[in-house]
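Below, chains carry the letters A, B, ... as their sequence lines are ordered, and counting in each starts from 1. Hydrogens, waters and symmetry mates play no part in the numbers below; they use all other heavy atoms, side chains included.
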Amino acid sequence: MAKKYWLFKAEPHIYGIEHLAAAPNKTGRWDGIRNYQARNFLRDQVALNDEVFIYHSSCKNVGIVGTAKIVKPAYPDPTQFNPESDYYDPKSTQEKPRWVSVDITLTNIFPRLISLAEIKTQPQLENMVLVKQSRLSTQPVTENEWKIIKELL
DNA sequence: GCCAACGTTGGC
DNA sequence: GCCAACGTTGGC
């Protein structure tokens, strides 16, 4: 299947691009997704070697900060089984896990932030899921949108 | 901190 | 299955 493109949101003070950069092999587990629509993308469509924009949300400077690629496709999110975790889900079982994670490796930290405000000024990006549906933490990006955003750098 | 948009829960 | 009440996300 052809390579696909995604945008993953994170609150940088919880797990942002700096955390990924500091992780062994710049690789980390993308976990804690607790929204069905976002989960369905992760579980059913995100594939090995797909590329991902890392987006910082709910912070002073919101926007895209870099890229990563998928190094391990969907597997059960271990945090759902851990009562100590903020992401614990008592309704989830080992036999029927409800939530999934993927592993990603950092591939690029952008020299500057591409802010949400800047994205919104681009007529060619007006149909981005990011612009049309603000509340979705993992979302598809078209190949064309991917190219346009990289050319803004 | 405000609030719009959306998701989830639970009574009926 | 409907829908009101409530909770969360996320930009500003």
Colleague: Write down the distance between CG (L7(A)) and P (dT9(C)), rounded to a whole number of angstrom.
Modeller: 17 Å
Colleague: Over how many whole Å does the gap from I33(A) atom CD1 to dG7(B) atom C1' extend?
Modeller: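 Distance check: I33(A) CD1 to dG7(B) C1' gives 15 Å.
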Colleague: To the nearest Å, how far apart are H13(A) NE2 and dT9(C) C1'?
Modeller: 12 Å
Colleague: Using whole Å, report how far CG of D86(A) lies from P of dT8(C).
Modeller: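 The distance from CG of D86(A) to P of dT8(C) comes to 12 Å, rounded to the nearest Å.
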Colleague: Over 60° means perpendicular and under 30° means parallel, so tell me whether W30(A) and Y15(A) are parallel, tilted or perpendicular.
Modeller: perpendicular
Colleague: Is there a side-chain contact between Y5(A) and E145(A) (heavy atoms, below 4.5 Å)?
Modeller: no
Colleague: Establish, with yes or no, whether the OP1 or OP2 oxygen of dT9(C) is under 4.0 angstrom from a side-chain nitrogen or oxygen of K9(A).
Modeller: no
Colleague: Over how many whole Å does the gap from F8(A) atom CZ to dG10(C) atom C1' extend?
Modeller: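 Answer to the nearest Å: 19 Å.
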Colleague: Do the side-chain N and O atoms of N144(A) and T142(A) include a donor-acceptor pair separated by under 3.5 angstrom?
Modeller: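 No, no side-chain donor-acceptor pair sits under 3.5 Å.
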Colleague: Using the side-chain heavy atoms of L116(A), tell me which of these nucleotides is nearest: dG10(C), dG7(B), dC12(C).
Modeller: dC12(C)
Colleague: Decide whether D103(A) and Y75(A) meet the rule of one side-chain donor and one side-chain acceptor closer than 3.5 Å.
Modeller: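 Looking only at side-chain atoms, Y75(A) and D103(A) do form a donor-acceptor pair, the distance falling under 3.5 Å.
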Colleague: Count the heavy atoms of every other residue, nucleotide or ligand shown that sit under 6.0 Å from CD of Q133(A), and state whether that count exceeds 12.
Modeller: yes
Colleague: Between dT8(C) atom C1' and L136(A) atom CG, what is the distance in whole Å?
Modeller: 14 Å
Colleague: What is the distance, rounded to the nearest whole Å, between atom CD1 of I119(A) and atom P of dG10(C)?
Modeller: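 Atom-to-atom, I119(A) to dG10(C), this comes out as 14 Å.
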Colleague: Nearest to the side chain of N35(A), which nucleotide is it out of dT9(B), dG11(C), dG7(B)?
Modeller: dG7(B)
Colleague: From the options dG11(C), dT8(B), dG7(B), select the nucleotide whose nearest atom is closest to the side chain of R135(A).
Modeller: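 Of the candidates, dG7(B) comes closest.
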Colleague: For dC6(B), take OP1 and OP2 only and decide whether either is under 4.0 Å from a side-chain N or O of Y36(A).
Modeller: no
Colleague: When all nucleic acid strands are considered with a 4.0 Å heavy-atom cut-off, which category describes K120(A): base, sugar-phosphate, or nothing?
Modeller: sugar-phosphate
Colleague: What is the nucleic acid contact for S58(A), judged by heavy atoms within less than 4.0 Å: base, sugar-phosphate only, or nothing?
Modeller: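 Here S58(A) touches the bases of the nucleic acid.
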Colleague: Using a cut-off of less than 4.0 Å, is there contact between a side-chain N or O of Q37(A) and OP1 or OP2 of dG7(B)?
Modeller: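 Q37(A) to dG7(B) OP1/OP2: side-chain N or O found under 4.0 Å.
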Colleague: Atom CG of L130(A) to atom C1' of dC12(C): distance rounded to whole Å?
Modeller: 15 Å
